[in-house]
Amino acid sequence: MAEKYTPQQIEPKWQARWDADKLYRATIDPSRPKHYALTMLPYPSGNLHIGHWYAMSPSDARARWMRMRGYNVLFPMGFDAFGLPAENAAIQRNIHPKTWTYANIEKMRTQMKTMGTMFDWDREAISSDPKYYKWTQWFFLKFYENGLAYKQMATVDFCPHCNTTLAREQVWGDDRHCERCGTPVIKKDLEQWFFRTTKYAEELQDHSQINWPERVKTMQKNWVGQSEGAHVTFKTEQGDDLTIFTTRPDTLWGATFMVLAPEHPLVEKLTSDVQRTAVAAYIDSASRQTEIERTDTNKEKTGVFTGGYAINPVNNARVPVWVADYVLMGYGMGAIMAVPAHDERDFAFARKFDLPVRVVIQPEGEVLDGDTLTEAYHGDGKMVNSGAFDGTHTDESVAKVTAWLDEQGMGHYAVNYRLRDWLISRQRYWGAPIPIVYCANCGAVPVPYDQLPVVLPDDVQFMPTGESPLKFHAGFLNTTCPTCGGPAKRETDTMDTFMCSSWYHLRYLSPDYDEAPFDPQEGAYWLPVDQYTGGIEHATMHLMYTRFFTKALRDCGIWKDTEALRQPDQPSVANEPMLALFNQGMILGEAREGDIVIASGTVEADRLNAASIRIVTDVVETTGANEVSGEITKRTENLLNINTPQREMTVEVYDTTKIMDVNGNAITLADLRYHLDAEKMSKSKGNVVAPDQVVAKYGADTVRGYLMFAFRWESGGPWDSQGIQGIVRWLNDVWTLVTGDKPAMSGEADEAAVKALRRKVHQTIQKVTDGLDSFGFNTAVAGLMELKNTLLAARKTPVVNTPAYAEAISSMLLMMAPFTPFIAEELWERTGHPYSIHTQQWPVYDPEIAKADEITLVVQVNGKVRDRITVPADISEADAKALALSSESIQRYFNGEPPSKVFYVPTRGMVNIVV
RNA sequence: GGGGCUGUGGCGGAACGGUAUACGCAGGUGACUUAAAAUCAUCGGCUGAAAAGCGUGUGGGUUCGAUUCCCACCAGCCCCACCA
């Protein structure tokens, strides 16, 4: 009886050995090309979920493959360990965030080892370690020193539940909710710390030095949101400059009023005594509105006249100045010229408040009239009512007017960005403290470098409100001023955790280094990251911040040492952190099908509370006299009327939904099934796949194999508990192939069969190599399965006794090593090879061996396949054409006429005859 | 409203402009079994008895040849959004 494949025994054994041998330790080796493979580090939430497996095991496979190809591969891992959940756990369960976080890290590190990843744990970095956040604080000080960090009173997004401010990137969705907890955010005026990301707006939208997915590049470009136009300065009647930004300076003559954001500094001065009460009331109501209400695009325009006027510099027109919340303080200058004839928002506002509409662009062959216009016109045309510019066409109007404005000193060309500075202050405990001290005499004073880190105190009292306990910790709060030595208070805000994760790829280089955030020697060898992988959700957050960080570091002079040590043929480390990026998709919950249990007209769906399901009604049968007819007309809490039998209809089914006939009598239905679409995994939906359980059942190799085979990596898809059987069978077959008793086979192996086997091996090498290269893990695994199928067949022939067969087995094991590292190592040993398979060379593809002797010549007539002929692979063009033309099944398409043209495609073994 | 992505069997998915549906799941049939599971063999795009025809969301185009390239449309998903 042959031994069975038992991953539960094999996997822990090898895991322990790899660990003990430090098989995955990566150190500087100038003799080999380096490859820095990086996968986004997890937040230590407590357990690895299937999404982590999906993100990490294919990245791991690729890193392993790069190593087998001769690269010196750095593949590190760590934890983004600061953040709110730890603090919430502390409040809810009375566990210190540190205790909670480090226990979780311990657990997750073990789980990652179970997964068979080749992470180099000697390089682990944990962002909540003082030896890590010392340098996060150090970077803050460098930014402060270089004018890239500043503190300012600002209207900011604030989550009332988390009791902290949020960056713009952390406010999500139509209802503008907190990224963490889902609570709608409110606006608050607070003094907050910012990083000057806007300084890098132009650079951040340039991706020319990196190979990143188009999708991410587009999202980042849109996020930076560049628009070209002009700044134009109006004068208020009190003589103040009132500058606006416009993308359409050519419509300046059509400005019939101006609008300021409620927060605009000139509002106060412009407001007349008569209007003062009304303006104050409006501003008050605007500030009390939620962000959702205020930014609702469908909302009717609101606003109020200030009573003040400004002078349009281009024609000295006196235009009224209004205040309205459709103008946002955060974009442009917080003030606009309103051109109702050519802007739909201004148009709506003008019509509502009965303001004049003045047409200044006339389209070809049509005459627009401001009084009768029903919507703003933003098409092409010629300028009118615009003084000397009348007759200028849209093609050149903007450029001409801009140049003229500049000449006249009224305005100038301007580029405006949507990007905002990065708000990094958080009013929470579990984060890196901002290293600033406030002194009554000296103001805000940076903590000297030699006093870093500013350590987070452990002995704190957590508030049920989430308010930062640092504000009440006397020992932390009270300090002395580094400048004058007088009494001073510490900043109690901590830094956004995105700050910690903006530079973690640098800390991996030398996690214990104490002279700088990273060792320049290591940096010069390993940087930049060659291949980064992670989810798309970070496109405008982490992936933006880390690019900003790299560029800011350059301007603070931090790359100098590294750049000096760098090999000249290596790309610069100072501009972009990650040269290539790949985004994996997401694993969804399993789509479920099942019977709905019918009892006395009551539908009970298995384990459903209130889920949207599809009832397939073509299998519905009624019993008795009742007819099911009509449509679904009504659904109350527990009642569903089915009228028209449709093939499929989506209804909501509660655990006791009643199916009634048209007369309201309960009916009995047979064979009613439900279908649940795949959805995001969540505890409340009960569709979460726990990797630990699946691994215990099938082994890590099977789970890895399944995740790589089942979907395109970039797409992801629903978990399929049935589908994993395919991988179970694959690995069992491989196991049998190597460990099973060879069937007794006498006689000489057929030479052609041996050749065919070797051909298959080399075709597989090409397929698997290409797959790994292009992140096509699914097709790579498919190739390995095909080779396995070929070997199973060869095993039943005398080929099994040839050296070619043994060689095929070892090639297959080598190719499996990146995907299923445990079984590959085990079978490598059992076939008498030296430890370890993971330090072997990747098999080399030989096109000569992969070439076929015979091919199938495909014969098409007018592009349709009409015949297939087996021919020698090296057939000449003339022979192939002649053979094709002489084929009987082809000649019947000729209808007596000779073919007009014959195409031969040698690379495809194909002839196309045109008749 | 703006931008982007995706549409191929019952399902996940293959296919440098050249044999559409590789590989796998589910399913059918048969073998083994008292039986089931597992395993093995075998069959599955659709219509058709067959011959043959039709097939990659829909409609056009380019081409000897289009799932692949171009245009328009439809559907679904994602990002941004009173952005001046």
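Order of the sequence lines fixes the chain letters, A, B, ..., with proteins taken first and strands second; residue numbering starts at 1 for each chain.
Nucleotide B/G76 carries an anti base; the chi torsion (O4'-C1'-N9-C4 or O4'-C1'-N1-C2) is more than 90° from 0. Because its glycosidic torsion is more than 90° from 0, B/G59 is reported here as anti.
Residue ring and nucleobase are not stacked for A/Y331 and B/C83 under a centre distance beneath 5.5 angstrom and an angle between planes beneath 30°.
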Might you list the N or O atoms of the protein lying below 3.5 Å from N or O atoms in nucleotides 27-30 of chain B, with each pair's distance?
none

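In summary, of the residues considered (A/T198, A/T197, A/L204), a side-chain contact (heavy atoms from CB on, under 4.5 Å) with A/V224 occurs for A/L204 alone. For the side-chain contact (heavy atoms from CB on, under 4.5 Å) test with A/V861, the passing option among A/D867, A/V914, A/I890 is A/I890; the others fail.
Among B/U19, B/C79, B/A84, the nucleotide with an atom closest to any side-chain atom of A/L328 is B/A84. In the set B/G13, B/G3, B/A41, the nucleotide with an atom closest to the side chain of A/N778 is B/G13. Ranking B/C64, B/C80, B/C54 by closeness to the A/V914 side chain, first place goes to B/C64. Across B/G4, B/A84, B/G13, the shortest atom-to-atom separation from the side chain of A/S715 is found for B/G13. Set against B/C40, B/C23, B/U19, the side chain of A/N789 has B/C23 as its closest nucleotide. Taking the side chain of A/K864 as heavy atoms from C-beta on, and the options B/G3, B/C54, B/C23, the nearest nucleotide is B/C54. You'll find that the side chain of A/T247 is closest to B/A84, out of B/G18, B/A84, B/C25. Of the candidate nucleotides B/A84, B/G12, B/A41, B/G12 has the atom lying nearest to any side-chain atom of A/F709. Of all nucleotides listed (B/U39, B/G13, B/U19), B/U39 comes nearest to the side chain of A/R729. Checking B/C23, B/G13, B/A20 against every side-chain atom of A/V865, the shortest atom distance belongs to B/A20.
The partner of B/G48, taking Watson-Crick or G-U wobble pairs whose two distances both stay under 3.5 Å, does not exist in any strand shown. Applying the Watson-Crick and G-U wobble criteria (two distances, each under 3.5 Å), B/C32 pairs with nothing in any strand. Across the strands present, B/C83 finds no partner; the criterion is a Watson-Crick or G-U wobble pair with both atom distances under 3.5 angstrom.
Cation-pi geometry between A/K301 and A/Y326 is met: under 6.0 angstrom from the ring centre, within 45 degrees of the axis. A cation-pi geometry, defined here as NZ or CZ lying under 6.0 Å from the six-membered ring centre and within 45° of its normal, holds between A/R418 and A/W223.
Remark: the separation of the P atoms in B/C77 and B/G17 is 30 Å, to the nearest Å. Annotation: B/G44 and B/G9 have their C1' atoms spaced 10 Å apart (nearest Å). Here, B/A81 and B/G12 have their C1' atoms 35 Å apart, quoted to the whole Å. Between B/U19 and B/C70, the two C1' atoms lie 26 Å apart (nearest whole Å). If you take atom P in B/C5 and the same atom in B/G53, they sit 38 Å apart, rounded to whole Å. Comparing the same atom, C1', in B/C40 and in B/G4 gives a spacing of 50 Å after rounding to whole Å. With both ends at atom P, the span from B/C74 to B/G28 equals 41 Å, rounded to whole Å. Nucleotides B/A15 and B/A22, compared at atom P, are 12 Å apart to the nearest Å.
A/E228 has its CD atom 18 Å from the P atom of B/C83, to the nearest Å. Summarising the geometry, the separation between CD on A/E214 and P on B/G4 is reported as 10 Å, rounded to the nearest angstrom. Following rounding to the nearest Å, A/R420 (CZ) and B/A81 (P) show an atom-to-atom distance of 12 Å. Spacing between atom CD of A/Q226 and atom P of B/A84 amounts to 12 Å, rounded to whole angstrom units. Here B/U19 presents its P atom at 13 Å from CD1 of A/I855, a figure rounded to the nearest Å.
Judged by closest nucleotide on RNA chain B, A/F711 is the one of A/K767 and A/F711 placed further toward the 5' end. Residue whose closest nucleotide on RNA chain B sits further toward the 5' end, between A/D720 and A/A335: A/D720.
Distances shown here put every side-chain N or O of A/R215 at or beyond 4.0 Å from the OP1 or OP2 atom of B/G3. Neither OP1 nor OP2 of B/A84 sits under 4.0 Å from any side-chain N or O of A/R418.
Ring-plane geometry between A/F777 and A/W713 is classed as perpendicular, the angle between the planes exceeding 60 degrees on a 0 to 90 degree scale with a lower cut at 30.
Of all the heavy atoms in A/Y54 and A/L707, the pair that sits closest is CE1-O, 3.4 Å.
Scanning atom types as modelled, one donor and one acceptor separated by under 3.5 angstrom connect the side chain of A/N912 and the base of B/C64.
Using a 4.0 Å heavy-atom criterion, one finds that A/G716 contacts the sugar-phosphate atoms exclusively.
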